[in-house]
There are 2 protein chains.
Amino acid sequence: MTDQETPSNELVTSVFARDCTSRAALEDVSTKWSSLALLALGEGDFRFNALRRKVEGVSEKMLSQTLQTLERDGMVTREVHSTIPPRVEYSLTALGALVAENLRTLADLLEASADGIGASRATYDEARATA
Amino acid sequence: MTDQETPSNELVTSVFARDCTSRAALEDVSTKWSSLALLALGEGDFRFNALRRKVEGVSEKMLSQTLQTLERDGMVTREVHSTIPPRVEYSLTALGALVAENLRTLADLLEASADGIGASRATYDEARATA
DNA sequence: CGGTATCCCTAAGGATACTG
DNA sequence: CAGTATCCTTAGGGATACCG
């Protein structure tokens, strides 16, 4: 193997690069359900079904899958209490908290801009309809 | 001041709500390609094919589709110069710039955490393989 | 309760070809 | 150059059923 392609320069870690860890992580984080899961956990710890109720519309399957991915990336911690009935708590790691904080800012911005976005969409759609 | 925070029912614009504009906008923004497109445009204006080269791996179809969605949401401006050959410049609106700034912070965080994330994944995968 | 496993269908998305 | 149109394959994701 030639080590020509990957120099010890780790700074080449650009999200624009196809096989980059950060790009993969960005995709994991910016999935339909993962962003909402992180946002929810940013407000506190949650048990599985509580989280499911919080994130409206998510199926068991997708929530489970999403949480596994986030746990794998080291953003979410899964804590199992072997009681009856079972109790599983999900919380954010330090990294997860930072990401969640960022997403919160983004969500706030979008919530505040909701009216403007709606207006923009209406204008755009009307311009296309009036062909 | 005297008034409390968000007493109005209008402010129930939560991203967690199923049919919320902000949730839809969050999904539009956090798509695989849209985040990268916004990130790229955060570095300056781009023509279609230049943008396509910048965002590695995106197809013509997806880039076109992504840009249309972002334009519709009022985050991207499309400027057509009717010359030969055609010249189309894409740039960010004020809102788009704010979103892009936020995504930049997130991307920086993930790029800086890439090693840790990789390590976390390795640990997670090994724990599952070692049954 | 907190999942996993399965089925199944839709929509995301890549490749290619063609147009202004 | 800057797309749109078409085709076709994959994977996202919902519903249901069942296990620890």
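Each chain gets a letter, A, B and so on, in the order the sequences are listed, and its residues count up from 1. Note that the structure is predicted; figures quoted are calculated from it, not measured.
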Without decimals, in angstroms, what is the distance between [X] [atom1] and [N] [atom2]?
X: B/I84; N: C/dT19; atom1: CD1; atom2: P; value: 18 Å
X: A/R87; N: C/dG3; atom1: CZ; atom2: C1'; value: 16 Å
X: B/E89; N: D/dG3; atom1: CD; atom2: C1'; value: 15 Å
X: A/R18; N: C/dG13; atom1: CZ; atom2: P; value: 16 Å
X: B/D28; N: C/dA12; atom1: CG; atom2: C1'; value: 14 Å

Do any N or O atoms from the side chain of A/T93 and from the backbone of A/G74 form a donor-acceptor pair under 3.5 angstrom? yes

I'd like to know if the side chain of B/S59 and the backbone of B/M62 have a donor-acceptor N/O pair within less than 3.5 Å. yes

For [Y], is there an ion pair with [X] - N to carboxylate O distance below 4.0 angstrom?
X: B/R87; Y: B/E89; result: yes
X: A/R104; Y: A/D108; result: yes
X: B/R121; Y: A/D28; result: yes

Give me the residues of residues 43-52 of chain A where at least one heavy atom lies under 4.0 Å from an atom of DNA chain C, by number, or none. A/R47, A/F48, A/N49

Under 4.0 Å, heavy atom to any atom of DNA chain C: which of residues 54-73 of chain B qualify? B/S59, B/E60, B/K61, B/M62

Over all heavy atoms of both residues, which pair between [X] and [Y] is shortest? Give the atoms and the distance, please.
X: B/A107; Y: A/V15; value: CB-CG1, 4.0 Å
X: B/K32; Y: A/E27; value: CE-OE2, 3.6 Å
X: B/S30; Y: A/S35; value: OG-OG, 4.4 Å

Should B/Y90 be listed as having a side-chain N or O under 4.0 Å from OP1 or OP2 of D/dG3? yes

Counting side-chain heavy atoms from C-beta on, which of C/dG3, D/dG14, D/dG3 comes nearest to A/K32? D/dG14

Which nucleotide in D/dG3, D/dC1, C/dG2 has an atom nearest any side-chain atom of B/V88: D/dG3

Verdict with supporting geometry, B/L39 and A/F16, side-chain contact (heavy atoms from CB on, under 4.5 Å): CA-CA 9 Å; B/L39 240 16; A/F16 297 114; 3.8 Å; yes

Roughly how bent is the helix from C/dC1-D/dG20 to C/dG20-D/dC1 end to end, in steps of 10 degrees, with each end axis from five pairs? 50°

Taking the six-membered ring of A/F46, is the NZ or CZ of A/K54 close enough (under 6.0 Å from the centre) and on axis enough (within 45°)? no

Between A/V88 and A/H81, does the side-chain contact (heavy atoms from CB on, under 4.5 Å) criterion hold? Intermediate values first, please. CA-CA 6 Å; A/V88 182; A/H81 303 273; over 6 Å; no

